[in-house]
Structures are given as C-alpha cells and as structure tokens.
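Everything quoted here is computed from the prediction, not taken from an experiment.
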Amino acid sequence: MAHPKPTSFCAAIARTCVEHLRATDQEVVLRDLYAENFDPRLKAEELPTAFGVTPAADVIAERSMLSGAKSLVFVYPFWFNAPPAILKGYVDRVLGMGFGYASIGGRMESLMDGVSLTSFSTSGAPEHWVESTGALKALMTVFDQHVAKVCGLRVLDHVHFGDIVPNMTEEWGADTLQRVRDKLDGLFALAYV
C-alpha cells in the first residue's frame, strides 16, 4: 500500500484485500510503504554497472520477502495522474535490475515470469473524468504495462475508484469495498485455476 494516512480509503482497500484473500486461504503479506518508512530514493551505488548491480540492505530484505510470491497487488492513490513517488521508488529499487529483470548476454530478460499484478487506485476525481481524459489509460501504459513487460508480470487488472472524497457516504464506501471483494474473487479464482 502506498498512502501516507492509515485512515485513508486506500488503507481500507488494502485491509479489505488482505482480509478477503486470507479468508480464501491465500497467504498474504501487507507491505505498507509509508508505515515501514521505505526509502524510495534510488542511490548512485545501486545503479547497474558493467559489473552488475549492488542493491542496498533494505532492498535485499524486500526482495527476500517477495521471493516466491505468486501475485503482487498495488493499492495507491492517483496523484497528478501517477502513483505516489514512494511506489515508483519501490518499483525502481525493488523490482529493478537483478530481481525484476537482468541483462543476459546483452539482452534484457524478465525474471518474474508467471507472477501476476493487480492494481487498485483511487482519486477524488470522478471515474468518468479519469476515463474520458485518458488519464488511467496513460498510467496503465507507462506504469502497469511497462513494469509488467520488463519484469514478465501478468497484469490481471487495474481497478480505479473515482469520487473517493472525505464526505463520501458510508454506503458508497461499503459498496466500493464490496466491489474490491468481488473483483478479487473473479481475478484470483481465474489466476490459480
């Protein structure tokens, strides 16, 4: 999860994902990047060189935690039509060279083949605006599909919820969280058949 407020609707979506998937006997690990104070800054010494790549200790630990994962689920707000910097930095540092992909014989090779990616994003903008402006499609092209292509991930879906505002009704929130559960049922029933 990539939202700075533990009381945010993104946090509610992340908790719903965890609870719902665990209830269907899935093993789930929640990574709250803000609560864990994840450093999104890719350092100069972490950049790939002709001799390979040397990830920092926090990246090594994160990669160890992800090793063997069958699926990644990103939950984040849509800020300026992009994910928060902390999530972009997570992708740069953790899913980068040596884990998500490698240079083998001068060619880029994906290393996460078979792992699925699902994203849930939110914004205060109405869903129709996000669709009609092409904002979501652009994000999916630059972020979801590019990361998936480079790393070999299989994109299951990107579900965006608009109109997530402080004064939304409890009923709207409950309906939206039910949509999350329904989507998880559909996606993960198909993902592991």
Pairwise side-chain contact, [X] with [Y], heavy-atom cut-off 4.5 Å (strictly under):
X: F99; Y: P55; answer: no
X: C17; Y: V180; answer: yes
X: M112; Y: L117; answer: no
X: D163; Y: M168; answer: no
X: K5; Y: Y34; answer: no
X: L47; Y: L42; answer: yes
X: L33; Y: Y76; answer: no
X: F188; Y: T24; answer: no

R41 side chain to G89 backbone, donor-acceptor under 3.5 Å: no
Is a side-chain N or O of T16 found less than 3.5 angstrom from the main chain of A12, in a donor-acceptor match? yes
Do R179 and D175 meet the salt-bridge criterion of a basic N to acidic O distance under 4.0 Å? no
Between R31 and E62, is there a salt bridge with N-O shorter than 4.0 Å? yes
Applying the 4.5 Å side-chain criterion to the ILVMFWY set and letting contacts propagate, would [X] and [Y] be lumped into a single cluster?
X: V115; Y: F74; answer: yes
X: V59; Y: M97; answer: no
X: V147; Y: F78; answer: yes
X: Y90; Y: F120; answer: no
X: V91; Y: V73; answer: no

Starting at CD of Q26, measure out to NZ of K70 and round the result to the nearest 0.5 Å. 7.5 Å
Any idea which heavy atoms bring [X] and [Y] closest together, and the distance?
X: D144; Y: S119; answer: OD2-OG, 3.9 Å
X: W129; Y: A135; answer: CZ3-CB, 4.5 Å
X: S123; Y: V130; answer: OG-CG2, 3.8 Å
X: S121; Y: H160; answer: OG-ND1, 2.7 Å
X: T122; Y: C10; answer: OG1-SG, 3.2 Å

L95 vs L66, side-chain contact (heavy atoms from CB on, under 4.5 Å): CA-CA, chis, key distance, verdict: CA-CA 10 Å; L95 301 186; L66 286 179; 4.1 Å; yes
